[in-house]
Amino acid sequence: MTGQIVRHAAQVEAVRVRFAAVHEASAVVVGDETLYGRLCRWIIGTVLEKHARQDELVSYVEENLRLIVAGLHDLYGVRRPQPDPVREAAVPSLVAPVEDSARAAMERIGPLREVLDDLTGLPDVIAAHATTWYNIAAEQRAMAEELEAFLEHDVPAWTGAEEHVRLMGHNVEAIRGLASVSAAFGEITESVGVLVAQTRRLVRELVVGLAVAPSEATLWRLACRIAVYGVALEATLTHLENRLDG
């Protein structure tokens, strides 16, 4: 039975190591607030607070798994697994690449593009971050399913494994909860990215409109666009608040 338990501990450890990719991806998606631009940066504040709590929970669950693995090895007098940076570095990345979208003519002019980037952010990068959150959620769901499968396959043959099953069950449910929150972050980031893209289009139209035809009709048309944008902004903010509170 000792060999079976050690094998089970190694399987749990293999899942725990995959948290390295979760930490890496999580750090990438909150690394730079300037991505949201000066006009939209204020929206992301609440999301960052929730993200800090998510990181704490991820670290807590990872530590739980580490202690469980160590406890199983100690119980049967087997040497604990040592930290393996190479193994952690080999875990596939969850970070989504940034895909450049087609740019408007004025954005091909360096100085104008830089001003737009500063004011309205980088929607392409934000879209990649949303995909990264979805990747994290999928990985966490897979981790929970694998741990549950290990429990069902290995533990029934043990004697006195009730406490291990109880502790692991709590961790499996915690990881499923983390996956749900990560998916919500993906949805929220996607919504913010749409808002940032709308802001960018609005500012671009404002600059072009005033440069090409600085008339009352142009100003009226832009005012209507701003009104539509305001409605979209209110709807997006309500959606974000509901998702974060729910």
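One is the number of the first residue; the rest follow in order along the sequence. These numbers were taken from a predicted model, which means no experiment stands behind them. Keep in mind that the numbers below use all heavy atoms, side chains included, and drop hydrogens, waters and symmetry copies.
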For Ser182 and Gln140, test the side chains for any donor-to-acceptor distance below 3.5 angstrom and give the result as yes or no. yes
Rounded to the nearest 0.5 Å, how far apart are NE2 of His164 and CG of Leu72? 5.5 Å
How long is the straight-line distance from CG of Asn171 back to CE of Met143, given to the nearest 0.5 Å? 10.5 Å
Worked verdict on Gln11 versus Arg7 for side chain to side chain contact (heavy atoms under 4.5 Å, CB included): CA-CA 6 Å; Gln11 291 171 326; Arg7 188 191 73 236; 4.2 Å; yes
Closest heavy-atom pair, Val196 versus Tyr36, reported as atoms and distance to 0.1 Å, is CG2-O, 4.2 Å
Distance in Å, Ile68 CD1 paired with Glu63 CD, rounded so as to fall on 0.5 Å steps: 10.5 Å
Student check: side-chain heavy atoms of Arg18 and Val15 closer than 4.5 Å: yes
Beyond-backbone contact of Pro123 with Gln198, side-chain heavy atoms, under 4.5 angstrom: no
Heavy-atom closest pair (Ala25 atom, Thr132 atom, distance to 0.1 Å) is CB-CG2, 3.7 Å
Close side-chain approach of Arg53 and Val181, heavy atoms under 4.5 Å: no
Can you tell me how the ring of Trp133 sits relative to the ring of Phe185, calling it parallel under 30°, perpendicular over 60° and tilted otherwise? parallel
Below 4.5 Å, heavy atoms only, C-beta onward: do Glu13 and His73 meet side chain to side chain? no
Give me the atom names and distance for the closest heavy-atom approach of Leu94 to Asn135. O-ND2, 3.0 Å
Evaluate Met168 against Phe150 for side chain to side chain contact (heavy atoms under 4.5 Å, CB included), listing each step before the verdict. CA-CA 10 Å; Met168 284 297 295; Phe150 296 152; over 6 Å; no
What's the separation between atom CD1 in Ile188 and atom NE2 in His129, rounded to the nearest 0.5 Å? 15.5 Å
Can you tell me which residue among Val17, Leu147, Leu167 is in a side chain to side chain contact (heavy atoms under 4.5 Å, CB included) with Leu65? Leu147
Between Val29 and His51, does the side chain to side chain contact (heavy atoms under 4.5 Å, CB included) criterion hold? Intermediate values first, please. CA-CA 10 Å; Val29 295; His51 178 270; 4.3 Å; yes
